[in-house]
Amino acid sequence: MAGEIPDLIAEARTGTGKGAARQARRNGMVPGIVYGGGVDPLSIQIPFNVLLKRLKKGRFLSTLFNLKVEGHDDVRVICRGVQRDVIKDLPTHVDLMRLRRTSRVALFIPVEFVNQEKSPGLKRGGVLTVVRPEVELVVTAGDIPDHITIDLDGRNIGDVLHISDVVLPEGAKPTIDRDFVIANISAPSGLVSADAAEAAEAADEA
């Protein structure tokens with residue numbers, strides 16, 4: 001289970017319409033709306049600098065947040081849209097959707113590699129090249145893994161590790177419908193040079 005769902009702190013916003021939204025922006029806030037979950041929509045506002053920092057970190061639209069609004073129960077939300085200024089490309093409005101524990105959502109889950117000391121390929125000096133440090137999975141909001149695991153026990157130089165090599169949590173499914181590569185174990189540069197030299201020597205002899 002994911003232990004650390006980041007908090008997103010917002011304030012309840014009084015008033016609706018363009019006038020109230022403009023006032024929020026003048027006060028250094030980004031207006032927004034929280035909807036879904038069988039509850040009435042809630043008008044909110046988030047400090048501009050806080051939201052901009054989150055956006056710059058990336059994957060804001062695929063990160064699950066614990067929304068905290070004073071006077072309201074904490075709720076899990078995911079962003080479903082960020083409106084931006086057409087000239088400055090800065091956020092002007094945000095839409096958040098409440099998630100029930102049974103809701104299905106696409107999130108990026110980190111990949112953890114274990115038993116590196118048991119990999120013959122790595123013992124020989126091979127290099128673990130990680131193509132996807134995170135994998136986007138469709139998961140249940142109430143049962144989000146904090147990582148997925150790839151076991152390197154017995155892996156040799158030249159081995160390619162695919163999503164099919166991962167035992168996914170129950171109910172989790174990749175968003176990409178093919179057996180994509182997550183990592184591989186490549187030969188160290190010294191071994192590659194030696195192999196190339198041997199091949200060249202054999203060619204000369206032939």
Side-chain angles (χ1 to χ4, degrees), residues 1-111 132-148 163 168-177 180:
M1 290 288 293
E4 292 295 331
I5 298 176
D7 287 338
L8 184 62
I9 299 174
E11 301 174 6
R13 177 165 53 94
T14 57
T16 57
K18 293 183 178 180
R22 280 195 295 266
Q23 183 61 49
R25 295 186 190 104
R26 283 195 292 268
N27 293 336
M29 310 293 283
V30 178
I33 190 78
V34 186
Y35 64 91
V39 183
D40 291 338
L42 173 66
S43 296
I44 61 167
Q45 55 188 19
I46 302 172
F48 175 84
N49 290 335
V50 172
L51 180 59
L52 189 61
K53 184 178 179 180
R54 289 285 189 186
L55 290 171
K56 287 183 176 179
K57 288 180 67 176
R59 293 181 176 158
F60 186 77
L61 293 176
S62 59
T63 298
L64 187 70
F65 291 102
N66 178 47
L67 181 67
K68 303 176 78 72
V69 180
E70 187 175 353
H72 297 266
D73 292 336
D74 292 2
V75 62
R76 290 184 176 187
V77 299
I78 191 167
C79 182
R80 279 297 176 246
V82 177
Q83 297 176 26
R84 296 174 179 266
D85 183 278
V86 293
I87 299 174
K88 299 179 180 179
D89 196 35
L90 296 175
T92 58
H93 191 276
V94 61
D95 295 321
L96 302 175
M97 185 176 71
R98 300 182 187 95
L99 294 176
R100 296 175 177 173
R101 294 188 64 82
T102 55
S103 299
R104 301 277 286 168
V105 60
L107 295 173
F108 283 92
I109 306 299
V111 179
R132 293 177 184 267
E134 297 176 310
V135 174
E136 189 176 26
L137 301 177
V138 176
V139 296
T140 304
D143 192 21
I144 300 172
D146 54 12
H147 66 274
I148 58 176
I163 185 64
L168 295 176
E170 186 175 355
K173 181 181 179 182
T175 58
I176 300 174
D177 191 22
F180 54 85

Query raised in the report: Take atom CG in D85; do more than 12 heavy atoms of anything else shown fall under 6.0 Å from it?
Result: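 It does: D85 CG has more than 12 such atoms within range.
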
Tell me the closest heavy-atom pair linking [X] and [Y], and the distance in Å.
X    : Y    : result
L61  : G81  : CD2-N, 4.0 Å
E136 : A106 : OE2-CB, 3.8 Å
T63  : I78  : O-CG1, 3.7 Å
H72  : A12  : NE2-CB, 4.4 Å

Roughly how far apart are [X] [atom1] and [Y] [atom2], rounded to 0.5 Å?
X    : Y    : atom1 : atom2 : answer
L137 : K173 : CG    : NZ    : 11.5 Å
R54  : K57  : CZ    : NZ    : 5.0 Å
N27  : Q45  : CG    : CD    : 7.0 Å
C79  : L51  : SG    : CG    : 8.0 Å
L8   : L64  : CG    : CG    : 11.0 Å

I want to check something: taking the side chain as every heavy atom from C-beta on, are [X] and [Y] in contact at a cut-off of under 4.5 Å?
X    : Y    : value
V30  : V82  : no
I109 : I144 : yes
L55  : R84  : yes
V69  : I44  : yes
R76  : S103 : no
P145 : L168 : no

Query - Backbone N/O of V111 and side chain of R132: donor-acceptor pair under 3.5 Å - result: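 Side chain of R132 to backbone of V111: no pair is present.
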
Report task. May I ask you to decide if A24's main-chain N or O and R13's side chain share a donor-acceptor pair within less than 3.5 Å? Result ->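 No.
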
Query raised in the report: Can K56 and K53 be said to form a side-chain contact (heavy atoms from CB on, under 4.5 Å), step by step?
Result: CA-CA 5 Å; K56 287 183 176 179; K53 184 178 179 180; 5.9 Å; no

Query raised in the report: Sequence neighbours excluded, which residues qualify as side chain to side chain donor-acceptor pair (under 3.5 Å) partners of K68?
Result: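 Side chain to side chain donor-acceptor pair (under 3.5 Å) check on K68 returns D74.
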
Expected list for residues 91-99: side-chain donor-acceptor pairs under 3.5 angstrom, two or more places apart:
unit_1: T92; atom_1: OG1; unit_2: Q83; atom_2: O; d: 3.2
unit_1: H93; atom_1: ND1; unit_2: D95; atom_2: OD1; d: 3.4
unit_1: R98; atom_1: NH1; unit_2: G36; atom_2: O; d: 2.8
unit_1: R98; atom_1: NH1; unit_2: V39; atom_2: O; d: 3.3
unit_1: R98; atom_1: NH1; unit_2: D40; atom_2: O; d: 3.4
unit_1: R98; atom_1: NH2; unit_2: D40; atom_2: O; d: 2.9

**Report entry** Qualifying ring-ring contact (aromatic ring centres under 6.0 Å, His included) pairs with a residue from residues 12-67, counting only residues at least two apart or across chains
**Finding:**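 As it turns out, the ring-ring contact (aromatic ring centres under 6.0 Å, His included) pairs with a partner in residues 12-67, which skip direct neighbours, are F60-F65.
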
